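Structure record follows, encoded as structure tokens.
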Amino acid sequence: MLETIDRHAASTAEVLGRDHIDPRVMAAVSRVPREQFVPEDERHLAHGDHPLPIGHGQTISQPFIVAFMTDLLDLQPAHRVLEVGTGCGYQAAVLAELADSVDTIEVVPELAAAARAQLARLGYANVRVHVGDGRLGLEDRAPFDRIIVTAAPERVPEALTRQLAPGGRLVIPVGAGPWQQTLLIVEKDEEGRLAERRTIGVAFVPLVAGDA
Ligand code: SAH
């Protein structure tokens with residue numbers, strides 16, 4: 001799995017400014033047992049570089065995308081991170097390996113419960129799983145040094161840029177079409193000004209309206 005992640009990374013050298021994923025990110029990915037986050041009948045596929053179904057019409061992200069987005073976040077050990085779209089909790093575990101704390105929001109309560117149980121089983125004490133509409137962020141835990149969104153809205157939700165700390169960074173897939181989006185990096189400078197950069201084309205499930 002690590003090898004295929006590396007092969008992909010060579011093709012995104014322009015965005016990363018280097019032809020490989022940060023070794024710290026690769027080490028984090030290698031420490032998280034991906035097979036523990038996929039349904040039992042998918043386990044034999046857990047180490048291929050592709051997304052897999054996890055129920056409720058949702059998927060676990062492709063390992064390369066998890067590594068690439070984590071790399072774009074440029075995580076530091078002191079960072080407080082918000083993830084929108086917990087799914088099975090795999091990306092949250094990778095983030096938890098590299099940051100101080102991770103708050104992750106999932107709109108489907110059953111997925112949130114399963115992710116919470118799995119993360120606890122694996123000992124990720126620095127991850128909190130919340131049920132709710134991630135388009136609103138998590139006001140009472142803000143600001144966040146880093147925000148990662150793993151489902152795609154049509155435009156960047158205003159609450160998320162608001163909850164970004166000065167010097168903070170948001171990585172988010174944005175696009176009008178389902179399964180066809182651009183991965184954006186939004187940075188907030190010390191004065192609170194936002195700047196946006198486009199990276200690669202990606203295919204995420206839509207960020208839906210929640211009733212939470
Ligand atoms: N991060 C996951 C991939 C998640 S797939 C991984 O590690 O593999 C996207 C997830 O976003 C799905 O579980 C979906 O239910 C969730 N989602 C969609 N709209 C949402 C919203 N408004 N708020 C929070 N989660 C949402």
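Keep in mind the model is a prediction, meaning the values are calculated, not measured. Each ligand, and each atom within it, is numbered from 1 in the order the structure gives.
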Proximal ligand 1 atoms for [X], defined as those under 4.0 Å from one of its heavy atoms:
| X | answer |
| --- | --- |
| Leu111 | 13 (O) |
| Gly132 | 23 (N), 24 (C) |
| Val205 | 9 (C) |
| Val108 | 15 (O) |
| Ile60 | 8 (O) |
| Leu207 | 19 (N), 20 (C), 21 (C), 22 (N) |
| Ile105 | 24 (C), 25 (N) |
| Tyr90 | 7 (O) |

Is there a side-chain contact between [X] and [Y] (heavy atoms, below 4.5 Å)?
| X | Y | value |
| --- | --- | --- |
| Leu170 | Val156 | yes |
| Val84 | Ile148 | no |
| Leu52 | Arg34 | yes |
| Val29 | Tyr90 | yes |
| Ile200 | Leu72 | no |
| Val202 | Thr182 | no |

Which residue supplies the protein heavy atom nearest to [atom], what is that atom called, and how far is it?
| atom | value |
| --- | --- |
| atom 12 (C) of ligand 1 | Gln58 OE1, 3.2 Å |
| atom 15 (O) of ligand 1 | Glu106 OE2, 2.6 Å |
| atom 26 (C) of ligand 1 | Val107 CG1, 3.5 Å |
| atom 5 (S) of ligand 1 | Thr59 O, 3.4 Å |
| atom 18 (C) of ligand 1 | Pro206 O, 3.7 Å |
| atom 4 (C) of ligand 1 | Gly85 O, 3.4 Å |
| atom 9 (C) of ligand 1 | Thr150 O, 3.3 Å |
| atom 22 (N) of ligand 1 | Val208 O, 2.7 Å |

Please verify whether a non-hydrogen atom of Ala93 lies at under 4.0 Å from ligand 1.
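Per 4.0 Å heavy-atom rule, Ala93 does not contact ligand 1.
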Test side-chain contact (heavy atoms from CB on, under 4.5 Å) on Arg7 and Thr4 and set out the steps.
CA-CA 5 Å; Arg7 252 200 310 281; Thr4 59; 3.3 Å; yes
Out of His56, Gln91, Glu83, Glu110, who is nearest to atom 7 (O) of ligand 1 when you count heavy atoms only?
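That would be Gln91.
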Geometric N/O contact Gly134 with ligand 1, under 3.5 angstrom
yes
Do any nitrogen or oxygen atoms of Ala209 come within less than 3.5 Å of a nitrogen or oxygen of ligand 1?
no
Taking atom [atom1] of [X] as the centre, report whether more than 12 heavy atoms of other residues, nucleotides or ligands fall under 6.0 Å from it.
| X | atom1 | value |
| --- | --- | --- |
| Arg18 | CZ | yes |
| Gln180 | CD | no |
| Arg31 | CZ | yes |
| Arg141 | CZ | yes |

Salt bridge flag under 4.0 Å for residues Arg169 and Glu187
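Answer for the salt bridge query: yes.
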For ligand 1, indicate whether the residue Thr86 contacts it via side chain, backbone, both or neither (heavy-atom separation under 4.0 Å).
backbone
Side chains of Glu83 and Thr104: is there a donor and an acceptor less than 3.5 Å apart?
yes
